[in-house]
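Sequential numbering from 1 along the given sequence is applied to the chain's residues.
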Amino acid sequence: MNSDSPQSHLLPRRDFLRSVAATMTIPLLGGALPLRAETTKPSLHVYPDYGWVRGLGIVPSWGANVVEAWQLYDGARFREEIALAKQIHVNSIRLWFEYAAWKTDPDKMTARFLDAVAGIAENGMKVMPCLFNHWHDKKLDYLGTPIGGDWTPHLEYVKTITTALKDDARVFIWDLCNEPSSRDPNTPEVKWLTAIAAKARECGVRQPITIGTMSGPNIMAFAPIVDVLNGHPYGHHRNNLEALITSFTAMSKETGKPFIVNETFPGALDDQVRADVVRFYSEMLSAAGFGWMGWVIREGKAIATTRELHDANGVDGGGYHPFFTKEGKLRDGLEFLTEKPKLRPPWEKV
């Protein structure tokens with residue numbers, strides 16, 4: 001979750017990006033790792049653009065934060081919430097996981113995560129696992145993993161999860177971290193995620209890798225690490241989104257990498273205001289070739305998933321984001337999403 005302004009989307013020069021990719025090294029277990037765009041190429045679910053993506057992120061309604069969501073995991077309830085997304089023809093789910101949850105009981109949490117992947121696939125959708133969270137809120141924090149200290153346990157977590165799904169067609173792309181905040185490629189956070197990406201590739205993941213960055217320099221700081229660039233547009237008006245799309249398109253051209261939007265749509269307390277935003281956002285992002293993944297499926301206990309605990313990241317400060325109410329009803333005004341979309345995912349064409 002973030003607030004963005006088009007004025008912040010200034011692009012580094014190509015020479016700067018090339019210099020960073022060519023010369024930066026980081027300390028890593030077993031030696032130094034160059035931070036390079038030239039990494040192992042993915043071979044599963046490789047696409048030139050993502051305009052067909054029509055997805056939602058899931059924060060299970062019973063969890064006030066990502067750790068609680070997995071500690072209280074219920075496979076049947078999870079499948080019930082995923083099934084709601086079928087009403088609006090969702091083809092992919094961004095599945096938030098977390099080292100902070102996994103470390104409490106690695107075997108149990110791994111089994112629960114893999115059950116969730118199965119539940120998504122059973123509902124006819126592909127999975128985008130999100131492995132770490134760096135988004136925080138002052139009202140009710142969603143928790144996550146700090147970058148300080150010994151990274152070895154983080155790498156073991158990544159090894160366990162990615163190895164289990166490295167050849168699995170149910171996973172169409174990996175999101176290493178939600179909203180890391182760095183805007184400079186020389187930060188510890190960038191070095192940490194470089195190590196995370198290297199571990200995933202070392203484990204043999206065949207799917208592309210992305211990072212859930214937000215806008216402008218924040219995207220470019222992580223560009224050499226990923227196969228697919230990523231943005232989280234939250235401008236409240238059409239002209240804001242137009243500026244962001246222009247910026248995203250320029251970054252994609254600059255780096256020669258496709259672009260995906262895996263979190264978007266400003267929230268609103270008024271259902272019709274929210275519906276209007278979702279309509280023009282979904283149309284414009286699909287047309288731009290970025291696709292969209294909204295946040296989140298169902299009203300729940302977490303920040304911004306309930307009216308009582310809405311955040312500031314919404315129209316007129318009303319950051320209430322779910323597509324479905326706690327009763328499982330599609331929010332008023334979103335009925336247009338029940339119409340079958342023109343763009344279909346590549347796997348449906350086979």
Under the side-chain contact (heavy atoms from CB on, under 4.5 Å) test, residues paired with [X] that sit two or more places apart:
| X | result |
| --- | --- |
| Arg279 | Glu283, Phe336 |
| Ser181 | Glu189 |
| Lys340 | His89, Arg344 |
| Ala100 | Val67, Glu98, Thr145 |

According to ring pair (Phe, Tyr, Trp, His ring centres under 6.0 Å), who are the partners of [X], at least two apart in sequence or on a separate chain?
| X | answer |
| --- | --- |
| Trp292 | Phe265 |
| His45 | Tyr47, Trp347 |
| Phe222 | none |

Listed by chain and number, what are the side-chain hydrogen bond (donor to acceptor under 3.5 Å, both in side chains) partners of Lys199, not counting sequence neighbours?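 Partners of Lys199 by the side-chain hydrogen bond (donor to acceptor under 3.5 Å, both in side chains) criterion, ordered by chain and then number, come out as Glu202.
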
Which residues end up grouped with Leu269 if you chain together Ile, Leu, Val, Met, Phe, Trp and Tyr wherever their side-chain heavy atoms are less than 4.5 Å apart?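 Members alongside Leu269: Tyr320.
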
My understanding is that a hydrophobic cluster links ILVMFWY residues whose side chain heavy atoms are under 4.5 Å apart, including indirect links. Using that, what else belongs to the cluster containing Leu44?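 The other cluster members (ILVMFWY side chains, heavy atoms under 4.5 Å, direct or chained): none.
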
Does the distance from a Lys or Arg side-chain N to an Asp or Glu carboxylate O, for [X] and [Y], drop under 4.0 Å?
| X | Y | value |
| --- | --- | --- |
| Asp137 | Lys139 | no |
| Arg94 | Asp175 | yes |
| Asp141 | Lys138 | no |

What pairs meet the side chain to side chain donor-acceptor pair (under 3.5 Å) rule with one or both residues in residues 107-116, with sequence neighbours excluded?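 Non-adjacent pairs meeting side chain to side chain donor-acceptor pair (under 3.5 Å): Tyr73-Asp115, Arg79-Asp115, Trp102-Thr110.
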
Qualifying side chain to side chain donor-acceptor pair (under 3.5 Å) pairs, either residue in residues 157-167, two or more places apart: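 Output for this query is empty, none listed.
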
